[in-house]
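Lettering follows sequence order; numbering is per chain, from 1.
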Amino acid sequence: MAATLSRAVDVHCTLQPTSDSNRPFFLTSPLLRLPYRRRFFTTSCSSSSSSSSSRSPPKPPPDYEDIHPRNPSLSDQLKSLSTTLLNQTPQQAQLLTKPKSTWVNPTRPKPSVLNLQRQKKSQQHLYNPQVRDLKHFARKLDECENSEAAFMAAIEEMPHLPSRENSLLVLNSLRQWQKTLLFFNWIKTQKLFPMETIFYNVAMKSLRFGRQFQLTEDLAYDMIDNGIELDNITYSTIITCAKRCNLFDKAVEWFERMYKTGLMPDEVTYSGVIDVYAQLGKVEEVMSLYERGRASGWAPDHIAIAVLGKMFGEAGDYDGIRYVLDEMKSLGMQPNLVVYNTLLEALGKAGKPGLARSLFLEMIELGVTPNEKTLTALVKIYGKARWGRDALDLWERMRSNGWKMDCILCNTLLSMCADLGLEEDAERLFDDMKGSMTFKPNSWSYTAMLNTYGSLGNVDKAMKLFDEMSETGVEVNVMAVTCLIQCLGRAKRIDDLVRVFKFAMERGVQPDDRMCGSLMSIISYFEDGKDVNKVLALLQHANPELVSFIKLLEEEKTSFETIKEEFRGIMRATEVDARRPFCNCLIDVCRDRNLHERAHELLYMGTVYGLYPGLHSKTPDEWRLNVRSLSVGAANTAFEEWMGTVTKVIEQKEELPKLFTASTGAGTHKLAQGLAGAFESQVKKLAAPFRQSEEKAGVFLATREDIVAWAQSKAPSLAITS
DNA sequence: TTAGGGTTAG
């Protein structure tokens with residue numbers, strides 16, 4: 001079986017990044033030979049543990065796409081743009097065909113992908129003495145019944161003539177998109193003046209607020225049909241409307257259309273589109289657009305910078321965040337509150353609590369007052385990092401400075417209490433919230449409290465709180481139930497667990513993958529017996545396929561081919577975030593039942609499907625095994641597999657590094673709690689020569705010499721042949 | 001503040 005894992009590792013490390021031929025025009029253009037791209041996108045696949053390795057995905061198996069559905073490729077999306085559309089404007093066509101000359105010959109214009117001059121809004125807001133009457137009228141229209149008849153009756157009472165200015169004022173004052181549309185159509189039929197772009201733009205803004213993309217697009221087609229000019233405001237409104245409706249392909253489509261008509265985006269439209277790609281996680285495309293804009297002389301503003309920062313945060317990409325900070329420095333830009341908030345959040349997601357703390361201190365020093373979002377980000381970071389002292393210092397600072405709190409911040413503080421096991425602080429805040437007029441505890445607050453009690457094993461308090469939640473009319477949701485189930489499972493109170501589960505089902509709670517994961521982990525606490533069957537019955541209700549799969553794993557005659565096929569089906573049907581926990585639990589279940597071979601097969605499958613990125617990494621001097629995201633059973637399986645591979649390497653007399661390292665983590669993360677201890681006993685069981693590092697907790701080390709001696713002691717034939 | 005873009009919760 002050792003060979004299976006080394007096969008999987010090979011799959012990870014032999015693939016080169018995708019070639020330029022598949023990239024859209026702005027990536028393949030020779031215009032783009034810029035530092036960022038060199039640094040980030042030509043990194044060849046390496047097995048080192050540097051952050052670049054996360055950008056070198058393993059070669060997926062043939063059915064990978066089924067399990068990880070992707071958005072349509074950008075090159076497909078932008079094919080028309082690259083091959084035809086841009087060529088339609090002579091200047092741009094020249095840029096694409098003769099790019100070099102634009103750089104070497106300063107007399108030629110600089111390549112441009114955006115208009116540096118932002119579109120001006122019209123300055124026609126003259127003093128209108130009828131403003132009050134018209135706004136009052138708009139309010140009445142908003143309040144009238146949502147039917148055409150009621151609207152037509154109400155419109156009779158328009159206090160002044162529906163002149164261009166008066167109509168525009170009313171249109172702009174309406175809040176409900178239905179009314180905006182009715183009023184828009186009405187003024188159109190009145191034909192008192194020609195409909196200009198601004199009327200469409202105002203109407204679209206209202207439709208965007210109501211997330212009505214189809215109607216927005218209909219208006220745009222109406223403009224095209226009637227020969228009314230679409231300007232940058234129109235396009236950016238359409239694009240952001242599509243974005244808000246999660247119709248990213250539509251956003252790209254309208255951006256393409258804009259170039260097609262020869263209109264150049266200004267910085268607002270441009271950063272809007274960059275955000276579209278950022279939200280799709282298309283980092284390369286974003287950076288290409290960004291760098292091309294920069295090459296055109298664009299000085300990005302706070303909004304564009306925040307878009308980049310958020311994108312790198314979502315990707316957990318610290319190098320990217322550094323790039324954003326460097327960009328700001330070179331632009332001479334001082335971050336504003338939103339940029340600080342975005343970067344704090346990003347640093348949290350990239351796992352850099354210390355840098356987040358420094359950035360927060362810098363922001364305070366510069367006199368920027370944090371808001372609820374700033375504090376929420378920081379509280380979350382300190383909680384997840386288990387930085388108790390920093391968390392409590394910050395909380396104290398919040399109190400003494402009288403910084404404003406909102407419901408999300410309070411709930412984040414409660415979650416932090418759960419992370420840090422601060423029962424009394426949580427109870428105090430929870431009681432304050434109950435007494436507050438502004439925000440009462442909601443299902444998030446109850447869930448955080450259940451988590452606090454759960455993490456401390458305070459089962460009775462958790463049960464009592466759950467009763468209170470059910471009685472006070474707070475929505476009993478799947479997350480709260482899952483927290484309580486975890487707590488009851490750990491306490492092995494299975495009958496209570498069954499009761500809670502049934503109650504939740506009666507209340508209409510829909511089990512999700514996270515809940516199934518919890519049930520499965522509880523199954524792995526027990527080797528067999530009545531309790532397991534009780535939990536299996538619940539899992540059967542929540543996810544029958546999973547129970548069938550567990551039974552299949554337990555049957556000796558099941559072939560590896562069947563396991564592979566069924567595993568694929570299970571993972572395909574599972575939410576991305578729950579796939580690794582599922583695989584971990586399944587491995588644990590197998591090991592508890594002494595099905596070690598099965599456990600290895602599952603680990604192999606999990607590795608092939610990319611559930612354990614960074615499990616193995618190699619440099620010439622050091623081979624590492626990182627089991628921090630694995631359960632105890634999965635970590636033990638991975639360790640056995642690793643040692644098997646190493647033995648094989650010794651057998652084949654291939655080169656070995658000086659040092660072998662296994663990281664379990666030191667127990668700051670919930671999953672890692674106990675992992676180091678469990679790992680140590682596994683090492684002892686195998687008599688493997690790993691010792692805990694004295695400098696770094698949760699790291700185990702072994703030298704080449706020790707490993708070779710150990711392997712030879714286990715298989716004397718190795719010693720004879722060497 | 002009155003036609004367009006960015007930031008908070010399992």
Side-chain angles (χ1 to χ4, degrees), chain A residues 118-125 128 131 134-135 138 165 168-174 180 196-206 208 216 230-241 243-244 251 265-276 278-279 300-311 313-314 335-346 348 370-381 383-384 405-416 418-419 442-448 450-451 477-483 486 512 514-515 577:
Chain A
R118 185 197 287 220
Q119 183 183 326
K120 295 266 185 305
K121 290 179 188 175
S122 60
Q123 298 293 313
Q124 294 181 17
H125 291 286
N128 188 339
V131 165
L134 290 165
K135 285 204 164 176
E165 278 67 35
L168 197 52
L169 187 75
V170 173
L171 194 65
N172 214 355
S173 306
L174 291 168
T180 308
E196 299 161 41
T197 306
I198 187 169
F199 285 88
Y200 283 90
N201 290 351
V202 172
M204 283 181 181
K205 188 186 169 187
S206 173
R208 185 187 59 182
T216 303
L230 283 77
D231 61 15
N232 254 287
I233 296 176
T234 321
Y235 281 108
S236 68
T237 311
I238 298 169
I239 289 165
T240 50
C241 179
K243 197 162 70 176
R244 262 178 225 181
D266 67 10
E267 64 171 339
V268 176
T269 315
Y270 203 70
S271 56
V273 170
I274 287 182
D275 191 33
V276 170
Q279 287 192 36
D301 59 10
H302 286 115
I303 294 176
I305 288 292
V307 166
L308 289 194
K310 184 178 180 191
M311 173 185 74
E314 293 297 331
N336 64 10
L337 181 59
V338 175
V339 170
Y340 271 121
N341 290 350
T342 310
L343 290 175
L344 282 171
E345 179 112 340
N371 66 4
E372 297 92 327
K373 289 179 177 125
T374 323
L375 300 167
T376 299
L378 213 59
V379 166
K380 197 171 139 191
I381 290 167
K384 296 286 164 239
M405 307 248 276
D406 63 7
C407 189
I408 295 179
L409 179 52
C410 282
N411 287 342
T412 309
L413 281 166
L414 287 176
S415 297
M416 179 194 85
D419 288 330
N442 60 13
S443 62
W444 292 76
S445 329
Y446 274 94
T447 306
L450 286 169
N451 244 335
N477 61 9
V478 65
M479 193 60 75
V481 176
T482 304
C483 287
Q486 272 171 347
D512 63 3
R514 190 189 289 261
M515 185 190 260
D577 287 347

Next item on the list: Under the side-chain contact (heavy atoms from CB on, under 4.5 Å) rule, what do A:N477 and A:T447 come out as? Steps first, then yes or no, please.
Entry: CA-CA 9 Å; A:N477 61 9; A:T447 306; 4.0 Å; yes
Over how many whole Å does the gap from [X] atom [atom1] to [N] atom [atom2] extend?
X      : N     : atom1 : atom2 : value
A:Y446 : B:dA9 : OH    : P     : 22 Å
A:I238 : B:dA3 : CD1   : P     : 18 Å
A:N172 : B:dT1 : CG    : C1'   : 11 Å
A:N477 : B:dA9 : CG    : C1'   : 12 Å
A:K380 : B:dT7 : NZ    : P     : 14 Å
A:L174 : B:dT2 : CG    : P     : 17 Å
A:L378 : B:dA9 : CG    : C1'   : 15 Å
A:I408 : B:dA9 : CD1   : P     : 7 Å

For [X], report the nucleic acid contact type (base, sugar-phosphate, nothing); a contact means any heavy atom under 4.0 Å.
X      : result
A:V338 : base
A:T482 : nothing
A:N336 : base
A:N411 : base
A:V273 : nothing
A:T447 : base

Go through [options] for me and flag the one nearest to the [X] side chain.
X      : options              : result
A:W444 : B:dG4, B:dA9, B:dG6  : B:dA9
A:K243 : B:dT2, B:dG6, B:dT8  : B:dG6
A:N371 : B:dG5, B:dG10, B:dT7 : B:dT7
A:K373 : B:dA3, B:dG10, B:dT8 : B:dT8
A:E345 : B:dT8, B:dG5, B:dG6  : B:dT8

Note to self: With a cut-off of less than 4.0 Å, is there a side-chain N or O of A:K121 near OP1 or OP2 of B:dA3?
What the structure shows: no
Margin query: With a cut-off of less than 4.0 Å, is there a side-chain N or O of A:K310 near OP1 or OP2 of B:dT7?
Written below: yes
Determine whether a donor-acceptor pair (one donor, one acceptor, N or O, separation below 3.5 Å) exists between the side chain of [X] and the base of [N].
X      : N     : answer
A:R208 : B:dG5 : no
A:D231 : B:dG4 : no
A:T342 : B:dT7 : no
A:T237 : B:dG4 : no

Item checked: Which atom of A:V481 lies closest to which atom of A:M515, heavy atoms considered -> CG1-CE, 3.5 Å
Note to self: Are the side chains of A:T237 and A:T216 in contact, using a 4.5 Å heavy-atom criterion?
What the structure shows: no
Notebook entry, point to check: Is any side-chain heavy atom of A:L413 less than 4.5 Å from a side-chain heavy atom of A:M416?
Noted result: yes
Notebook entry, point to check: Among all residues two or more places apart in sequence or in another chain, which pass the side chain to side chain contact (heavy atoms under 4.5 Å, CB included) test with A:K373?
Noted result: A:N341, A:N371
Margin query: So, using side chain to side chain contact (heavy atoms under 4.5 Å, CB included) as the criterion, who are the partners of A:V307 when residues are at least two apart?
Written below: A:I274, A:D275, A:A278
Check: If you measure from the P atom in B:dT2 to the same atom in B:dG6, how many Å do you get, rounded?
Finding: 16 Å
